[in-house]
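In what follows, a structure is listed as structure tokens, so that the remarks can point back to it.
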Amino acid sequence: MSVLRFDNVSKRYASGREALSEVSFDVGAGEMLFVTGHSGAGKSTLLKLIHLSERPSRGAILFGDRNLLKVRGRRVALHRREVGVVFQDHRLLTDRSVADNVGLPLVLRGERRADTGKRVRSVLDRVGLGDRATALPGQLSAGEQQRVGIARAIIAEPRLLVADEPTGNLDPTLSAEIMALFESLPERGTSVMIASHDLALVKRMKKRVLVLNQGRLVDDIRPEDLAE
Amino acid sequence: MSVLRFDNVSKRYASGREALSEVSFDVGAGEMLFVTGHSGAGKSTLLKLIHLSERPSRGAILFGDRNLLKVRGRRVALHRREVGVVFQDHRLLTDRSVADNVGLPLVLRGERRADTGKRVRSVLDRVGLGDRATALPGQLSAGEQQRVGIARAIIAEPRLLVADEPTGNLDPTLSAEIMALFESLPERGTSVMIASHDLALVKRMKKRVLVLNQGRLVDDIRPEDLAE
Amino acid sequence: MNVRTGVPANTPARRRPSRLAAWADHHVFSLVASLGRLVAKPWATALTIGVMAVALALPLGLWVMLGNAERFVGDVQQARQIDVFLKPGVDVARARALAGELEARPDIAAVELRTPEQGLASLRGASGLDEALQVIGENPLPSLLVVSPGGDELALAESLRELPDADVVQHDAAWRQRLDGWLRFGTRFAWALAVLLGVGALLVVGNTVRLDIQQRREEISVLQQLGATDGFIRRPFLYLGACYGVLAGAVALAVLTAVEWSLRPPLLALAQSYGSDFMLRGFSLPHAALVVLGAGALGWLGAGLVTGQTLRQTRATDT
Amino acid sequence: MNVRTGVPANTPARRRPSRLAAWADHHVFSLVASLGRLVAKPWATALTIGVMAVALALPLGLWVMLGNAERFVGDVQQARQIDVFLKPGVDVARARALAGELEARPDIAAVELRTPEQGLASLRGASGLDEALQVIGENPLPSLLVVSPGGDELALAESLRELPDADVVQHDAAWRQRLDGWLRFGTRFAWALAVLLGVGALLVVGNTVRLDIQQRREEISVLQQLGATDGFIRRPFLYLGACYGVLAGAVALAVLTAVEWSLRPPLLALAQSYGSDFMLRGFSLPHAALVVLGAGALGWLGAGLVTGQTLRQTRATDT
Ligand SMILES: Nc1ncnc2c1ncn2[C@@H]1O[C@H](COP(=O)(O)OP(=O)(O)OP(=O)(O)O)[C@@H](O)[C@H]1O
Ligand SMILES: Nc1ncnc2c1ncn2[C@@H]1O[C@H](COP(=O)(O)OP(=O)(O)OP(=O)(O)O)[C@@H](O)[C@H]1O
Ligand SMILES: [Mg+2]
Ligand SMILES: [Mg+2]
């Protein structure tokens, strides 16, 4: 069963710029795939459509059997809770501690703050920030902030994780570790979609790759195809 | 003559974290060098000390024959105009056009807005954004924003350019192009200092490399040394 | 830097705490967070509360003023008297009987009789007309009843005029006209001021909360993108607005009480010149509590309105 | 995506435009940018200006009120009269001569003579005491001089008392006392209000500009990091503050003029009851211009103070 389906989706911004043109693809349950392309190719735009930060100009997007065009009002919030997002610019709450930031998705899902501690600690350990739980985001380096964002995106075990350039501020060793972490998610029922310009990394991972160029989906490479 | 000299510089943040420990090095005029290290190693902290975003806890920093410890008040602004900075998080003015952002250093140096047009256009062309001059930063992709930041840092031909992860949001091709641009600056009298975690890129450039690890300068590799 | 992968520490069967507990937890947290925010920036908080307090104090003060003015006017009118000159033919015994009758009426507080003899004596004593008066053979003065009204003064004067024995009823119309003029002017002025102040209070409270919220626009947008509902986002702001309101209300009360104390001496002097022992009346305890609660409600409401506005703007994609 | 490297387009010998031209350029740009900012957010701008206008209108209105009240009181006092009853022995011819003498004095505006006959006639006409008066054989009334004061009324009454021919000088002391009471109270009240309003205006203007600037803290910090001097950063905010001030001043004037018009009718009626043709006086054109300019200066000042504060905070590393 497909978790996500894009059907001839186009996105033209109010400025008149067409960031996506007739993009169609499918993401299976438990699949992990990459989206690559040059700077400005439309990777972030594509991910934004999935968690409803932007709306498509044409075409349909299905999340499971939910038509995202029809998700309005309060149900936007409910939909977003099912999608974990790593933002390209982190978007941490500057006046709350790292632990509070990471625990936020659980609180939004209705858990009591006091009950989130153990899971927050566990997930911070997994991104290598176990000792920074009480720091404020402004006291972290860029790479540390990025890892906080990753921890926040995965803590609630969403159905789909969309990560926009999650290793842009990480060195190769750390990138590999984070990728290993992402690789472990599909086993637990989370599909993973990663936008990245790091072609070396993408190639190394041997996963499905969507290639965007000036808003068009120009290639959809599957590892099986490469093996052939 | 050295443009920049760090003399046993340590930086301890108010939170008690020691981000830099007794770092000493020299940067010659027209030199280009890289600073690498893991996430949280202290790269950004080191660059912040140079343009006075932070002050060292111990040690001395000389910029030419200017002791940065003694630069206070109004002279902080004057010093900053001699250092071009590419910020890890871009720091563009969100309510001004790309052209206005890029032209800002010239205006700060006392030029009339109307006179900056030609140079702004020229430098935007050089980073591949000649057609986005009138856009607002919010309408750009992350990579495009990063290039606006680069254009702004080099437009006034500063004595020293410090760039914090300037290719973090750029694909390999574009990274190479931007690196070529940086390489051209020393010829014109600008020393260049680049913090980057992209080891592949750093190796390819064959320049001097400072390696930080947990705030300590653990290696200072010169291309001559490698050749030997 | 060890990044652990594999099976996580938390159990797969996730605990679901009771909705109510989580809800209460969030409310308490919001309140505490709001208070913390106030304490963290004491100067900014003081400024905001100061502005709101002034905006509240002015209409409140006006309200107290008007209330007092009404009481005062009532007081002064009661203290005033109506002079009823009886017809020359009415003798002192009849006058005395009439005074007794009148005193029994509910709209009359007291009646004092001045006989012609008393009148002449007082004229002699008071004026230098002594000689002139000695020329008069017979006492030409009528009996006078000095009536202190107990209710509506004008109606009383009218009804006294209809007494068969009354000759001239003197009710100081000019004085009355002047007081009415002052009061009409004062009322009009007070209303103009009240409208101005009401608009001002609304603008100030709204603007204060608006700018406070604008400052945290980024935070709101992040929360929205993580799937927070409008209610969740709005809550801390509502508590913040209510905190501002309650504190501002308390400050406004304190200021008004200080003003009241500073106004007491001159007002007492004024009242005494009318022969009244009128006292300025401030806020009673229940009133004060009401004011503080009302201010809190106002802050809550203002915050709610403005947050709604900001939420709509940030949620541009939902339209 | 072509990234050009190599020698740039601009000439190595860089043009240095005259400092003055660049300075003027920057000032004009700051002003235009500030105006643009106001126009770009019409609602927020209207709210801010509204708040500032109210804060300005109240103390200004009070100021106008006090000025008018003083003029009014002067007017009323001049319109009031002193009754000088002459001694019974003074005949009409002497009274007439005395009236002429008094009229020549600089502190007296006019003198009117009422002979005993006129007095009796008016008593007959006015009261129902006709019969009683007929009983009196001889006219017991003295001559009366009704004096309209031209200057200090109290001093005049005092000096009239010392005239050898004057018997009783009647100067309505009770009335005077009451008016004084009202005025004392009014003045005290006005001052209490003025202090409150002055504090309020300062708080509101300061807070408004502060929050406006807080919202652009990020921008300020970026400008600082690029090497902008404090003056450069502060300039657009100063212009913004001045724009707010000028607009708020204009709105405050408009509101006050509206209030003035609504107060005219009752005040005219009040004045007429004192026999005065007093007219409420609003702002003259130069005054209005002064108010608008003053408000602009206030906005400029407020913005300057608050920007300085923010700059110090953002520039934490310079200490
Ligand atoms: N809000 C917006 N308004 C107008 N144009 C936009 C907006 N956001 C993005 N664009 C444009 O749409 C195009 C695609 O942007 P997008 O952010 O999707 O690129 P990207 O592939 O993520 O690039 P990068 O690797 O640099 O992050 C770009 O040309 C960008 O300038
Ligand atoms: N303002 C601050 N207060 C406290 N600690 C800080 C602050 N800024 C940075 N640090 C800490 O100092 C250390 C060095 O940070 P720095 O930003 O220099 O790292 P970096 O080498 O640039 O890392 P990255 O590659 O992730 O950007 C980190 O551990 C970070 O958590
Ligand atoms: Mg992107
Ligand atoms: Mg860094």
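Naming: A, B, ... by sequence-line order, numbering from 1 per chain. Note: hydrogens, waters and symmetry copies are ignored here, and every other heavy atom, side chains too, is used.
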Next on the checklist: Does Arg96(B) have more than 12 heavy atoms from other residues, nucleotides or ligands lying within 6.0 Å of its CZ?
Outcome noted: yes

Checklist entry - Should we count NE2 of His27(D) as having more than 12 external heavy atoms under 6.0 Å? => result yes

Next on the checklist: Given heavy-atom pairs under 4.5 angstrom as the criterion, report whether the side chain, backbone, both or neither of Asp95(B) touches chain D.
Outcome noted: side chain

Next on the checklist: Taking ring pair (Phe, Tyr, Trp, His ring centres under 6.0 Å) as the definition, give me every residue that meets it alongside Phe232(D), ordered by chain and number, with sequence neighbours left out.
Outcome noted: His26(D)

Checklist entry - Taking everything shown except Asp65(B) itself, do over 12 heavy atoms lie less than 6.0 Å from its CG? => result no

Checklist entry - Looking at CG of Leu108(B) and CG of Leu223(D), how far apart are the two atoms once the value is rounded to the nearest 0.5 Å? => result 6.5 Å

Item to check | Spacing of CG belonging to Leu226(D) relative to CZ belonging to Arg152(B), to within rounding of 0.5 Å | outcome: 4.5 Å

Next on the checklist: Counting only heavy atoms from other residues, nucleotides and ligands, does the tally under 6.0 Å from CD of Glu183(B) exceed 12?
Outcome noted: yes

Checklist entry - Roughly how far, to the nearest 0.5 Å, is the OG1 atom of Thr94(B) from the CZ atom of Arg216(D)? => result 9.5 Å

Item to check | ring pair (Phe, Tyr, Trp, His ring centres under 6.0 Å) involving Phe87(B) - partner list, sequence neighbours excluded | outcome: His51(B)

Next on the checklist: Just to verify, which of Arg91(B), Lys48(B), Arg80(B) counts as forming a side chain to side chain donor-acceptor pair (under 3.5 Å) with Gln225(D)?
Outcome noted: Arg91(B)

Checklist entry - Which atom pair, heavy atoms only, marks the closest approach of Ala228(D) to Ala77(B)? => result O-CB, 3.7 Å

Checklist outcome for this item: Bottom line for Leu185(B): the part with an atom under 4.5 Å from chain D's heavy atoms is neither

